[in-house]
Amino acid sequence: MKGEERVIYLDNNATTRTAPEAVAAMLPYFSEYYGNASSIHKFGGRLAKVVEEGRAKVAAFLGADPSEIIFTSCGTEGDNAAILSALDVCPVRRRKIVISTVEHPAILNLGKDLERRGYTVVKIPVDSLGRLDMDRAREMIDEQTAVVSVMWANNETGNLYPVEALAELAHRAGALFHTDAVQAAGKIPFKLRDMNIDMLSVSGHKFHAPKGIGALYVRRGVRFRPFVVGGHQERGRRAGTENVPYIVGMGVAAELAMANFETENNYVRKLRDDLHNRLIAAIPSVRVNGDVEHRLPNTTNLSFEYIEGESILMHMDIHGICASSGSACTTGSLEPSHVMRAMGVPYTAAHGAIRFSFSRYNTQEDVDTVVEVLPGIIEKIRAISPYWADFVAKR
Amino acid sequence: MWDYNNKVMDYFLNPRNVGEIADADAEAEVGNMTCGDALRIFLKIDEKTHKILDAKFKTFGCASAIASSSILTEIVIGMTVEEAARVTNRDIVDRLGELPEEKMHCSVMGMEALQAALGEYAKKHGLTLPEVKNDDPDDHEGRIVCKCFGVTDAKIRKVVRLNHLTTVAQVTEYTKAGGACGACLDQIQQILDEMNNTVHAPAEVEKPQTVDFDALSPVKKALKVQEVIDKEIKPALERDGGSIELIDLDGDVVKVSLRGVCATCPNSKLTLRKLVQGKLHEFLSDRLVVEEA
């Protein structure tokens, strides 16, 4: 990698740049204050205070009490811990889990695994805009249900889901409600203390903390059984030596996210909308994937019909533009993304779906470059596509 | 991100021979939108010498599909149809230098499109070409193995033979078969087993001695079952990262536990019934019933 090459990073739903402020704050905790926060001596023991400061910042960021925050290694761990705990603490023997068809693999594959262990997993379907079928949700969430887990925001489309209404349905059935808020945290404001969510997982690296740290919120009063068992850390709720530098990093990232929440989100939304509108105007046959009325301010997912996503990404890569695709080819999988298929996006468009996701580090220049470069790329690839030729001939 | 070599990148970014030939003497299309890639090939052929004068293509697909299609046109221009009929996906890969294993199906798509076009031409001119069926290219021979991608056993056999494939994972990389729902993975293994048996047929496989199983004592029975599992079943499962342990023999009920990838494989029931029970019946007794412990 050449450091001096200009990178236009529009893949912030995959991961984000760690905030330089977070990195600076973390550094002393590697080689200078490297003690173990659980030690009895001062050198290590005083780091317990640093851990608690980090916890307080993350709690403030989520609008929760510090005692409700458990540090984890990532979003996936939070998801696993929450669902398995919910199944474990379920007072009567309920063996049903309700999720959605568009969940992240962290939930989907856990669901598959639980099915093999004899649990019933049902998935709430979505419509062509990726909106949840709430009538089906009402039917599915019943007295057999132990836990309902639906993501707050979808990673591919940015669609937002009605988590409070779902939590209400879960509670009426006597079930717990968990949400994977990995994409929502830092992008939409919320205060968990004013909400009815029982458990929520977040991942640091999606909001400018480093990779390898996450948090699980467990509302006070909700019973919890640890997923990682061992030492007494995190008040017995998550064993493993406290990751002091990363906790510091996530604390700083949470603080930064809160400090200028509104300004930054308006800024990001403006850039996103500008790119979205100008691309649709400049390129024919673009399909918008997702619910533009109810989605994250930083995400747009556009299908350039009759061509395939990997070729688009690779052409963009030459210009230093980073985005991602729901196409099969990019991942080595042979099928387009499960989200596109769940939405019933036609195959003419599913393979050519490109996700652009912004952060506060993006600039107007980034948008201008993409708008300048992409129409030519699409035209070039379409000139090779037999289906584009057919489409043009029919028109 | 894929690690494509410079040649693949060159043919992807600057593809040669893109287009259509309005008065083509042969053309064919393979793949479709659902599968994620498709290739339409056009050939201009001298009717007297049967020499390919020009070739053009249009491709829907990823970088390696575009590069494979483009280089294929370069390979065949100047060849007689007979020479072109011998072109395989290996030639495409060799000319490109290399392709990632997961992208081998792109080269296979090129070979298929070429052979379909040549088949059409051969039919029109009453020619017989090696490797090419004189049939209507739409009339796919063989039975469908992979329903998700419409891959037939005939195609799997052909690609296995041409590329010396030995594992199910390779078959998926080269043909896509089994790459979606995975329901046909066992069938692909069977095809591979059959093909390997025919290839190695002359070498007599050492088999456990056939015995009058029912006359044995329970301990001897258990030892025999263990022997068949170790010699005949375990190696097949271990090739795919799985394994099996004999837990107990209770009368005629053989209790086993599947390990490794087999333990979480959705097809494990099929494995138990077809492979394990089949082998035990073959070598010991038809009365044995296999159950997962």
Side-chain angles (χ1 to χ4, degrees), chain A residues 1 11 14 109 112-117 303-319 322-338 340-341 345-353 377 380-393, chain B residues 1-2 4 8-9 11-20 27 29-42 56-67 69-70 100-103 105-106 113 146 148-149 151 172-173 175-182 263-266 268:
Chain A
M1 279 261 282
D11 203 9
N109 287 335
K112 274 190 203 164
D113 197 59
L114 289 169
E115 275 183 326
R116 283 196 282 266
R117 293 195 233 162
S303 279
F304 302 98
E305 294 186 273
Y306 305 105
I307 51 177
E308 198 278 328
E310 183 196 298
S311 349
I312 305 172
L313 291 184
M314 293 200 48
H315 270 285
M316 288 203 294
D317 191 47
I318 288 166
H319 297 273
C322 310
S324 72
S325 163
S327 122
C329 283
T330 45
T331 55
S333 133
L334 292 168
E335 287 199 306
S337 94
H338 68 280
M340 294 298 130
R341 279 181 289 141
V345 175
Y347 279 98
T348 50
H351 288 287
I377 292 174
K380 189 168 178 183
I381 305 172
R382 279 180 173 166
I384 309 175
S385 166
Y387 299 130
W388 178 250
D390 291 348
F391 172 73
V392 171
Chain B
M1 188 53 78
W2 302 108
Y4 291 126
V8 175
M9 284 306 287
Y11 276 80
F12 160 56
L13 294 173
N14 312 296
R16 284 69 148 171
N17 299 322
V18 175
E20 298 174 12
E27 59 177 89
E29 176 170 335
V30 295
N32 59 58
M33 194 72 95
T34 318
C35 292
D37 46 22
L39 163 58
R40 205 174 279 174
I41 193 168
F42 304 84
K56 296 252 186 268
F57 81 96
K58 285 217 165 166
T59 290
F60 168 83
C62 55
S64 55
I66 292 168
S69 314
S70 178
E101 283 291 310
E102 295 88 339
K103 297 287 189 178
H105 58 84
C106 297
C146 172
C148 300
F149 292 112
V151 185
T172 303
E173 285 161 357
T175 66
K176 293 190 174 190
C181 79
T264 53
C265 172
S268 58

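Protein chains get the first letters and strands the later ones, always in sequence-line order, with residue 1 at the start of each.
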Ser385(A): partners by side chain to side chain donor-acceptor pair (under 3.5 Å), with sequence neighbours left out: none

Under 4.5 Å from a heavy atom of chain A, the part of Ser69(B) involved: neither

Best-contacting candidate, Ile384(A), Thr348(A), Ile312(A), Ile307(A), against chain B by heavy atom pairs under 4.5 angstrom: Ile384(A)

Partner chain A: residue of Thr59(B), Asn32(B), Thr172(B) with the largest heavy-atom pair count (under 4.5 Å): Thr59(B)

Reported CZ-to-CD distance for the pair Arg382(A) and Glu305(A), which is rounded to 0.5 angstrom: 7.0 Å

For Ser70(B) against Tyr11(B), the heavy-atom pair lying closest together: OG-CD2, 3.5 Å

Qualifying residues under side-chain contact (heavy atoms from CB on, under 4.5 Å), relative to Ser311(A), sequence neighbours excluded: Glu308(A), Ile381(A), Phe12(B), Ile66(B)

Proximal component of Glu20(B), with respect to chain A [non-hydrogen, under 4.5 Å]: side chain

Side chain / backbone / both / neither for Lys112(A) at chain B, heavy atoms under 4.5 Å: neither

Atom of His351(A), atom of Pro336(A) and distance for their closest heavy-atom approach: CE1-CD, 3.6 Å

